[in-house]
Structure formats: C-alpha cells, structure tokens
Amino acid sequence: MEKIRCGWCEKDDLYRKYHDEEWGRPVYDDETLFEFLILESFQAGLSWYTILSKRENFRSAFDHFDYKKVAAYSEKKIEELMNNPGIIRNRLKILAAVTNAQRFIEIQKEFGSFSNYIWNFTGGKPIDNSPQTLADVPATTEISDLISKELKKRGFKFVGSTVIYAHMQATGMVNDHIKNCFTRK
C-alpha cells in the first residue's frame, strides 16, 4: 500500500525523505534550530527545494552550522562564502547569518537555550493545525507574526513572518501535515 503524503513533497526522493523524516518533527536542540534558522533565512524569496538541494553545501560552508563559529566569521570568511558556488551567494543573507548567530548566542545566555526561548511562544508544545488539504495551511499566523517581531527587535535579519512560520513547520513547532498524511499515524 502506497503512503499518503502531503502533496508538496512528491517532487522527488530528496523531498519525500525530508518530509518523512524531518518536517514537522519537534526539534528542541539548539544546533538543529540554528541550522533551520540559517536555511530558512536563505530560503527567503526562493523555493525550499533549492535550499534543501544545497543543504550539504551549506553545512560544509557554514562549519556544520556551528553558531559559535558563524558568529565570529571574518570579512575573509564572508568573501569565501560569496565565492562559493554551492550556496546562495547573497551578501545580505550571508551577513544576516553572522548577525543571527550573534543574536542566537545572546538569547541562549538570557534564556538558557534558544530552544527555551522559541518554544515558549507555543507553550513548549507543537500546535497541531490539522489541515484537511494543503490549501488549509497558512503562510503566516499571529504567532509567527509575534516571533518575527520579537526577533527583529533583538536584531535578527531575514526573519519575516513567512520565514518564521516555515521555521516553525520545519522544527515541528506546528504540525501542518495534512489529515491523511501517513506521518500522523
């Protein structure tokens, strides 16, 4: 019997694997939360598939998403990233990754972990939207609006409400798997 999945992931095996094994699964560790924050901020204005297909290149280029290393990137490292054809070479997004790593560390110091901070917006538990179809899945919500606003106040870049909602979906803060998707069982 064939698995029923959310329709957006049927492009190829890479997308199906991501959907089946990661998307919508609650993530509480700071390292993975940072990875998705970086990836989602680079995705702004592009397709998620583009980012996902370059994920390993990003991982290598950004020191395996080690936020302490990213926070300390020099101008030389930024130029190296700008010349890396395996990633999205957008100076503003690269600079945002450095800034966001620095702000990420500040939040860790204030709240004990970034996870404590970000999950507080949902009471520490995933929000299950139980969409019937993909058309029922929003691009933003009041909570993503609030998180975006709060992160921007703290100096984060490329964290608009749509980016934040995608981050919430990727890290399981919200479960937007459609009702008939096999992952719900």
Side-chain angles (χ1 to χ4, degrees), residues 14 18 21-126 143-174:
L14 176 68
Y18 171 68
E21 298 175 10
E22 292 185 86
W23 192 74
R25 304 281 196 283
V27 172
Y28 294 95
D29 69 276
D30 278 5
E31 291 75 18
T32 306
L33 289 168
F34 182 72
E35 175 181 352
F36 278 109
L37 188 64
I38 293 294
L39 294 174
E40 295 293 352
S41 66
F42 270 91
Q43 189 254 331
L46 302 169
S47 76
W48 179 244
Y49 186 80
T50 297
I51 301 303
L52 194 59
S53 65
K54 294 177 178 278
R55 187 179 190 180
E56 291 309 314
N57 296 338
F58 274 101
R59 181 173 280 119
S60 177
F62 282 89
D63 292 292
H64 299 274
F65 302 109
D66 181 331
Y67 47 85
K68 291 175 186 164
K69 288 182 180 179
V70 175
Y73 279 177
S74 65
E75 187 58 40
K76 181 181 176 190
K77 177 65 176 183
I78 291 165
E79 286 308 312
E80 180 185 309
L81 292 168
M82 284 296 297
N83 290 310
N84 185 334
I87 66 168
I88 305 302
R89 295 179 288 180
N90 178 308
R91 182 172 296 277
L92 292 177
K93 290 180 180 182
I94 292 169
L95 292 171
V98 176
T99 297
N100 291 352
Q102 294 164 350
R103 303 295 85 80
F104 190 91
I105 291 168
E106 289 171 4
I107 285 177
Q108 285 181 314
K109 289 177 182 171
E110 186 177 343
F111 292 88
S113 71
F114 187 81
S115 180
N116 289 342
Y117 170 77
I118 201 78
W119 277 94
N120 188 53
F121 289 97
T122 65
K125 298 176 185 172
I143 294 174
S144 67
D145 292 346
L146 176 62
I147 295 171
S148 171
K149 183 178 175 184
E150 292 299 317
L151 289 175
K152 286 177 183 178
K153 275 191 214 174
R154 291 176 174 273
F156 282 76
K157 307 290 184 204
F158 284 94
V159 289
S161 189
T162 303
V163 166
I164 293 303
Y165 194 71
H167 185 264
M168 293 173 71
Q169 290 173 312
T171 61
M173 292 177 69
V174 294

Requested in this report: Measure from the ring center of F114 to the ring center of F104 and say whether it is less than 6.0 Å.
Outcome: yes
Report summary line: Output for pair (L39 CG, L52 CG), nearest 0.5 Å, gives 8.5 Å
Query raised in the report: Is E106 salt-bridged to K109, cutoff N-O under 4.0 Å?
Result: no
Report task. Determine, for K76 against E79, whether the closest basic-nitrogen to carboxylate-oxygen distance falls under 4.0 angstrom. Result -> no
Requested in this report: With the side chain counted from C-beta on, respond yes when F121 and I164 share a heavy-atom pair under 4.5 Å apart, and no when they do not.
Outcome: no
Query raised in the report: Is a donor on one side and an acceptor on the other found under 3.5 Å between the side chain of W119 and the backbone of V27?
Result: yes
Report summary line: Closest non-hydrogen contact found for L33 with H167 is O-NE2, 3.1 Å
Query raised in the report: Are any side-chain N or O atoms of Y67 and backbone N or O atoms of N100, one a donor and one an acceptor, separated by less than 3.5 Å?
Result: no
Query raised in the report: Nearest 0.5 Å, what's the CZ-CD distance between R103 and Q108?
Result: 13.0 Å
Query - Approximate separation, where rounding is to 0.5 Å, of K93 NZ and K157 NZ - result: 15.0 Å
Query raised in the report: How far does CZ of F156 sit from CD of E150, to the nearest 0.5 angstrom?
Result: 11.5 Å
Requested in this report: Search all heavy atoms of V163 against all heavy atoms of F158 and return the closest pair with its distance.
Outcome: CG1-O, 3.5 Å
Report task. Decide if atom NZ of K54 counts as having more than 12 heavy atoms of other residues, nucleotides or ligands within a radius under 6.0 Å. Result -> yes
**Report entry** Check ion pair E22-R25 (N to O, under 4.0 angstrom)
**Finding:** no
Query - Atom of S115, atom of D30 and distance for their closest heavy-atom approach - result: N-OD1, 2.8 Å
Requested in this report: Would you sort out whether T32 and F65 count as a side chain to side chain contact (heavy atoms under 4.5 Å, CB included), showing the intermediate values?
Outcome: CA-CA 8 Å; T32 306; F65 302 109; over 6 Å; no
Query raised in the report: Should the pair E31-R59 be classified as a salt bridge under the 4.0 Å nitrogen-to-oxygen rule?
Result: no
**Report entry** M168 vs T122 side-chain heavy atoms within contact, under 4.5 Å
**Finding:** yes
Query - Full working for side chain to side chain contact (heavy atoms under 4.5 Å, CB included) between M173 and I147 - result: CA-CA 12 Å; M173 292 177 69; I147 295 171; 4.2 Å; yes
Requested in this report: Check for a donor-acceptor pair, side chain of S60 on one end and backbone N or O of E56 on the other, with a separation under 3.5 Å.
Outcome: no
Query raised in the report: Are the side chains of K68 and D63 in touch, meaning some heavy atoms are under 4.5 Å apart?
Result: no
Requested in this report: Please work out whether the ring planes of F36 and Y18 are parallel, tilted or perpendicular, with thresholds of 30° and 60°.
Outcome: tilted
Query - E40 to A166 - nearest heavy-atom pair and separation - result: OE1-CB, 3.3 Å
Query raised in the report: So which heavy atom on A97 is nearest to which on I38, and how close?
Result: CB-CD1, 3.5 Å
Requested in this report: For the pair V159 and L37, evaluate side chain to side chain contact (heavy atoms under 4.5 Å, CB included) and give the outcome as yes or no after the intermediate values.
Outcome: CA-CA 8 Å; V159 289; L37 188 64; 4.3 Å; yes
Query raised in the report: Would a 4.5 Å heavy-atom cut-off, applied to side chains only, mark L81 and Y73 as touching?
Result: yes
Report task. Indicate yes or no: at least one non-hydrogen side-chain atom of W48 is less than 4.5 angstrom from one of W23. Result -> no
Query raised in the report: Can you find a pair of side-chain heavy atoms, one from Q43 and one from T50, that are under 4.5 Å apart?
Result: no
Report summary line: In short, N90 meets M82 closest at the heavy-atom pair C-SD, 4.0 Å
Query raised in the report: Are the side chains of I94 and F42 in touch, meaning some heavy atoms are under 4.5 Å apart?
Result: yes
Query raised in the report: Run the side chain to side chain contact (heavy atoms under 4.5 Å, CB included) check on R154 and E110 step by step: do they pass?
Result: CA-CA 12 Å; R154 291 176 174 273; E110 186 177 343; 2.9 Å; yes
Query - Spatial distance of atom OG (S41) from atom CD1 (I88) [nearest 0.5 Å] - result: 11.0 Å
Report task. Check whether any side-chain heavy atom of L151 sits under 4.5 Å from a side-chain heavy atom of Y117, and report yes or no. Result -> yes
Report summary line: Between the OG atom in S148 and the CG atom in L146, the distance rounded to the nearest 0.5 Å is 9.0 Å
